[in-house]
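One structure below.
In the text below, chain A, chain B and the rest are named by the order of the sequence lines, each starting its count at 1. Computed from a predicted structure; not experimentally measured.
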Amino acid sequence: RTQTLLKEYKERDKSNVFRDKRFGEYNSSMSPEEKMMKRFALEQQRHHEKKSIYNLNEDEELTHYGQSLADIEKHNDIVDSDSDAEDRGALSAELTAAHFGGGGGLLHKKTQQEGEEQGQAKSRKELIEELIAKSKQEKRERQAQREDALELTEKLDQDWKEIQTLLSHKTPKAENRDKKEKPKPDAYDMMVRELGFEMKAQPSNRMKTEAELAKEEQERLKKLEAERLRRMLGKDEDENVKKPKHTSADDLNDGFMLDKDDRRLLSYKDGKMNVEEDGQEEQSKEASDPESNEEEGDSSGREDTEESDSPESHSDLESNIESEEENEKPAEEQQQAPGRGLTSGKERAGKAARDELPYMFAAPESYEELRSLLLGRSMEEQLLVVERIQKCNHPSLAEGNKAKLEKLFGFLLEYVGDLATDDPPDLRVIDKLVVHLYNLCQMFPGSASDAVRFVLRDAMHEMEEVIETKGRATLPGLDVLVYLKITRLLFPTSDFWHPVVTPALVCLSQLLTKCPILSLQDVVKGLFVCCLFLEYVALSQRFIPELINFLLGILYIATPNKASQGSTLVHPFRALGKNSELLVVSDREDVATWQQSSLSLRWASGLRAPTSTEANHIRLSCLAVGLALLKRCVLMYGSLPSFHAIMGPLRALLTDHLADCSHPQELQELCQSTLTEMESQKQLCRPLTCEKSKPVPLKLFTPRLVMNSQPQVIHPPWPSNYRCEPQHPAKKVIFVKVVML
Amino acid sequence: MEREPGAAGVRRALGRRLEAVLASRSEANAVFDILAVLQSEDQEEIQEAVRTCSRLFGALLERGELFVGQLPSEEMVMTGSRGAARKYKVWMRHRYHSCGNRLGELLGHPSFQVKELALGALMKFVQLEGAHPLEKPKWEGNYLFPRELFKLVVGGLLSPEEDQSLLLSQFREYLDYDDTRYHTMQAAVQAVARVTGQHPEVPPAFWNNTFTLLSAVSLPRQEPTVSSFYVKRTELRDTWKVAHLKEHRKAFQTMWLSFLKHKLPLSLYKKVLLITHDTILPQLAQPSLMIDFLTRACDLGGALSLLALNGLFILIHKHNLEYPDFYRKLYGLLDPSVFHVKYRARFFHLADLFLSSSHLPAYLVAAFAKRLARLALTAPPEALLMVLPFICNLLRRHPACRVLVAGAWGSCPLTALLPQALQRHYHPEVSKAASVINQALSVPEVSIAPLLELTAYEIFERDLKKKGSEPVPLEFIPAQGLLGRPGELCAQHFTLS
């Protein structure tokens with residue numbers, strides 16, 4: 001109004017003198033064509049000067065002048081500097097035409113406009129009013145339209161969000177929470193949409209064929225392997241620039257992605273059971289397998305467990321809401337539990353023990369809490385409890401769940417340690433819990449690695465204290481061995497440097513060097529450590545001096561002292577004394593009855609007074625394992641340049657073993673084959689021996705030129721020398737350089 | 001002697017006797033009562049008796065009521081016709097003598113309080129007897145010291161039967177005085193000679209006591225301006241041996257050599273060797289006389305040899321000793337256990353010192369480098385982190401030895417191969433340290449001092465603290481069970497049942 005009506009009002013009683021300053025208006029020597037051209041050029045110039053500061057695109061448009069209507073419109077707009085800013089660019093050609101009573105080109109219009117303004121001041125008012133009304137109406141319309149569009153897009157967005165959850169199964173939880181704040185959509189709407197989206201969702205999620213899945217898996221593994229190789233060689237050791245992590249493979253890194261993965265797998269479940277090789281699937285399988293076994297031939301056992309899973313997958317939204325409510329109102333938990341029980345209500349009534357297990361578990365806040373949850377339950381129940389804790393506290397379900405599960409990893413680790421130190425150790429449960437540990441570790445690498453480092457530090461600290469007070473340590477309990485093994489399972493051990501694995505390697509080394517072997521039990525433990533050590537370096541093929549020493553020691557204590565004299569032994573073994581013949585078996589009968597068998601990890605936690613025959617059999621088994629490991633070393637280190645220097649003492653002892661024919665047949669053969677292997681390496685390593693170190697480049701002494709404002713005066717340092725040989729100009733040059741240095 | 005019950009009663013009774021004896025010569029026989037209590041079984045009574053004796057004879061010495069000069073036998077004097085005063089003095093001197101002997105015995109009493117008191121009393125007598133000598137000076141300004149009494153003290157301290165370390169630590173304070181120190185050294189030589197003469201198999205307790213005493217002796221670094229004497233002297237004469245540091249040094253040397261010439265227990269060898277280089281050697285008049293002992297120790301092997309070599313090195317380095325076998329012996333110490341022994345840090349510290357000269361022949365250094373490289377194949381990581389720079393330093397110091405690495409002799413030498421094996425060591429730092437040998441060795445030497453004391457635990461802690469910034473890489477092969485997949489080693493050789 002201020003710009004239109006007020007203007008009118010102000011101008012009402014004024015008799016202005018209108019001075020025509022248009023270029024060449026009164027110059028009759030110019031043809032109208034020329035005038036037009038000139039004017040336009042001026043116009044362009046002025047417009048260019050004014051606008052180009054703000055609008056960089058203007059330039060481009062200038063070059064397009066006259067080509068399109070849009071351009072013309074724009075020019076038009078600029079010319080009408082008094083028109084409404086809001087209407088800028090929207091003033092249609094039609095409008096201008098109406099205003100100026102039509103007219104041909106752009107420039108005509110302009111001249112006409114001015115002419116009209118001069119001539120018909122009265123009718124113009126009406127015209128303008130009309131025009132204003134028109135434009136206002138148009139404005140309103142446009143506004144309405146925009147609002148409509150906005151509303152529509154908003155609606156669309158909302159819809160999309162919901163579709164999205166169903167389509168790709170992305171954290172419906174988070175969405176749900178958002179929804180809570182908004183007014184609740186009424187049930188009918190929701191249902192309609194759900195139905196609609198469900199139908200739409202199906203086709204978009206085409207099931208991959210078996211071949212495709214396999215290929216994907218293969219590619220994933222390939223990528224991971226390449227990544228592993230890179231870390232093994234320590235390529236990025238010094239580089240600070242880290243490549244982005246292999247997210248595609250480790251999409252379990254955060255709860256969000258994992259959740260997606262999880263769901264996808266669940267939806268596949270109906271169709272395909274055994275193609276999956278993903279961790280999540282493995283877990284549910286592992287967990288459900290013992291259950292089905294437990295159900296003694298109950299054929300529907302497997303189905304049951306699936307069914308108890310599947311409702312969750314079908315009614316994602318529902319169950320999520322449910323559990324959310326539960327989280328909010330723990331009091332209702334008891335009521336909800338039977339409700340959940342309904343879903344698995346098809347189970348046989350007879351399985352009372354399982355039915356008694358609650359379905360909801362709060363994540364334990366302390367280790368004692370977890371322990372009380374698990375203690376006294378059967379293995380299957382323990383696993384179920386752990387599984388349910390994880391399911392009920394999935395990070396996608398509530399805010400604090402991530403921290404809870406992170407803690408759970410630490411507690412489980414502690415629990416595993418406790419199980420291993422029990423007498424007898426409950427290795428079967430540990431065996432199964434390892435899978436859970438793996439999955440949790442995949443979810444929370446940071447906190448899991450911290451937890452593992454913590455238990456390792458504990459173990460080492462304990463050992464260090466013993467060493468400080470007694471001067472030597474004893475091999476630690478089974479728990480430490482189990483921890484080290486778990487480290488192997490959770491982290492890639494072939495990395496050049498790894499925050500968890502590298503300390504673990506030092507720990508293994510300590511076990512092999514600081515702890516004297518005092519009993520058969522120690523031998524078993526030691527051999528397990530050797531096995532682990534070799535597994536750690538299986539891919540990187542790195543060299544372990546301690547291991548060679550230890551195997552040498554094992555061979556030594558399996559040889560009668562008088563036969564093994566002359567070989568040098570390294571700590572922790574002693575050449576003479578009580579334990580220097582620990583593995584010697586002198587009973588012929590026991591040798592004859594021995595059957596090759598694996599060592600039991602239980603023996604590491606304590607041998608309960610074996611009979612002499614049993615003990616002798618264990619001795620022979622230990623020796624067999626020792627020899628097998630030695631053979632492995634021979635194969636692995638065959639390419640080392642100093643292979644024979646390393647294996648020399650071992651070879652001597654092996655020959656002794658062969659000479660002593662008291663060993664059983666299998667062992668003799670093992671000795672023989674190892675020895676042959678060793679000797680065959682000889683030829684292999686010959687050509688390798690002439691490896692030259694790379695030539696050291698000579699240091700080049702480039703003179704360091706110091707930019708000095710004052711001219712440098714060169715003083716000859718050895719005048720006598722210099723004077724002696726003035727005939728060598730080269731000397732002089734060198735000398736000058738030196739001085740400048 | 002009438003007895004009142006309890007220690008207080010004894011004290012009162014003894015006090016009365018003491019007063020009586022000191023008051024009148026006619027009551028002299030009460031001394032027997034006092035001396036009788038010294039023989040008592042009861043510890044408290046003995047203590048009272050020791051105190052009383054100390055006061056009694058202390059007073060008598062100060063009064064000059066003891067016979068001075070060569071002591072005649074008791075019977076002779078008693079039957080003789082000399083004056084009563086002389087008889088009394090001789091008789092009392094005999095009581096003093098028996099009291100001293102008994103106090104010497106009490107130095108071996110099971111109770112430490114008794115020992116301590118007896119020592120205190122004896123040293124008081126030494127002081128007083130020195131001030132009021134019981135022998136006539138042979139000439140004007142003759143230096144007199146109660147040697148016999150002091151011998152008794154040192155003899156009691158160097159007991160062959162029991163450990164006197166506690167009492168010896170009490171005795172230390174007397175070693176601050178020039179005269180007591182000097183006479184202790186002399187008395188110790190006599191005691192060692194006496195005991196080794198008496199016992200065919202000298203008990204280790206004696207050696208330990210002797211060592212404790214000997215190691216407590218420490219000479220002043222320079223000639224002191226004012227001598228401090230335990231026995232108060234009115235004048236200080238230049239003719240007295242005790243006033244000269246040189247004489248002290250001689251005595252010191254005699255003392256140690258007379259001790260070290262015997263076959264000592266192994267544990268003592270170690271203790272002696274540990275103080276050899278900084279306590280014994282610098283104070284000897286002729287340090288090179290230690291060579292016998294050091295060579296003997298050198299042949300004992302292990303840590304002892306190393307310590308002996310340290311002593312020998314000082315002799316060679318500072319005292320121009322010729323010892324051609326030195327490096328051969330050092331080489332002999334290099335066996336695989338050298339990386340596992342407790343004295344590893346000391347060994348390599350010394351080896352670094354021994355091999356620091358750039359004038360050593362190249363073949364010798366090469367031999368050491370080669371040997372060390374070979375031994376490195378059995379070493380734990382903490383030792384490797386130290387020994388690899390050590391080898392590099394050797395090669396830096398002796399450029400002639402680089403042929404060992406460079407392979408200029410046609411075939412590739414062992415020394416080059418061994419670090420190559422270690423370049424594939426499982427620990428990243430070791431692997432890096434091993435690859436240094438391949439690089440230009442022109443850079444200045446790396447000090448191995450901070451690496452000497454490195455323990456595996458420290459490496460472990462360091463590795464734990466070092467945190468990568470990227471997310472922790474994870475194993476991508478899912479875990480199936482504790483022992484891993486069927487093909488893996490653990491699963492092959494171990495079962496859970």
Segment of [X] engaging chain B (4.5 angstrom heavy-atom cut-off):
X	result
Asp450(A)	side chain
Leu527(A)	both
Ser449(A)	side chain
Leu456(A)	both
Phe533(A)	side chain

Between [options], which has the largest tally of heavy atom pairs under 4.5 Å with chain B?
options	value
Leu505(A), Thr513(A), Ile486(A), Val537(A)	Leu505(A)
Met463(A), Glu464(A), Arg428(A)	Glu464(A)
Leu427(A), Val501(A), Val416(A), Asp431(A)	Asp431(A)
Leu547(A), Thr502(A), Leu629(A)	Thr502(A)
Ile548(A), Leu599(A), Val506(A), Val482(A)	Leu599(A)
Arg457(A), His461(A), Lys514(A), Gln510(A)	Arg457(A)

* To do: Would you please indicate yes or no on a ring centroid separation below 6.0 angstrom for Phe543(A) and Tyr426(B)?
  => no
* Asked: When the aromatic ring centroids of Phe491(A) and Tyr438(A) are compared, is their separation below 6.0 Å?
  -> no
* Asked: How about Ser509(A) and Glu546(A): does a side-chain donor come under 3.5 Å of a side-chain acceptor?
  -> yes
* To do: Examine whether an atom of Glu429(B) lies under 4.5 Å from a heavy atom of chain A, and if so say whether it belongs to the side chain, the backbone or both; otherwise answer neither.
  => neither
* Asked: With only heavy atoms counted, which part of Thr378(B) is less than 4.5 Å from chain A, the side chain, the backbone, both or neither?
  -> both
State plainly whether the residues [X] and [Y] are in salt-bridge range, i.e. N to O under 4.0 Å.
X	Y	value
Glu488(B)	Arg488(A)	yes
Asp335(B)	Arg371(B)	no
Lys466(B)	Asp463(B)	no

* **Among Leu384(B), Ile459(B), Thr495(B), Val341(B), residue most engaged with chain A (heavy-atom pairs, under 4.5 Å)** => Thr495(B)
* To do: Give a yes or no answer on whether the side chain of Asn310(B) reaches the backbone of Leu306(B) with a donor-acceptor pair at less than 3.5 Å.
  => no
* To do: Could you tell me whether the side chain of Arg542(A) and the main chain of His425(B) form a donor-acceptor pair under 3.5 Å?
  => yes
* CD of Glu458(B): more than 12 outside heavy atoms within 6.0 angstrom? -> yes
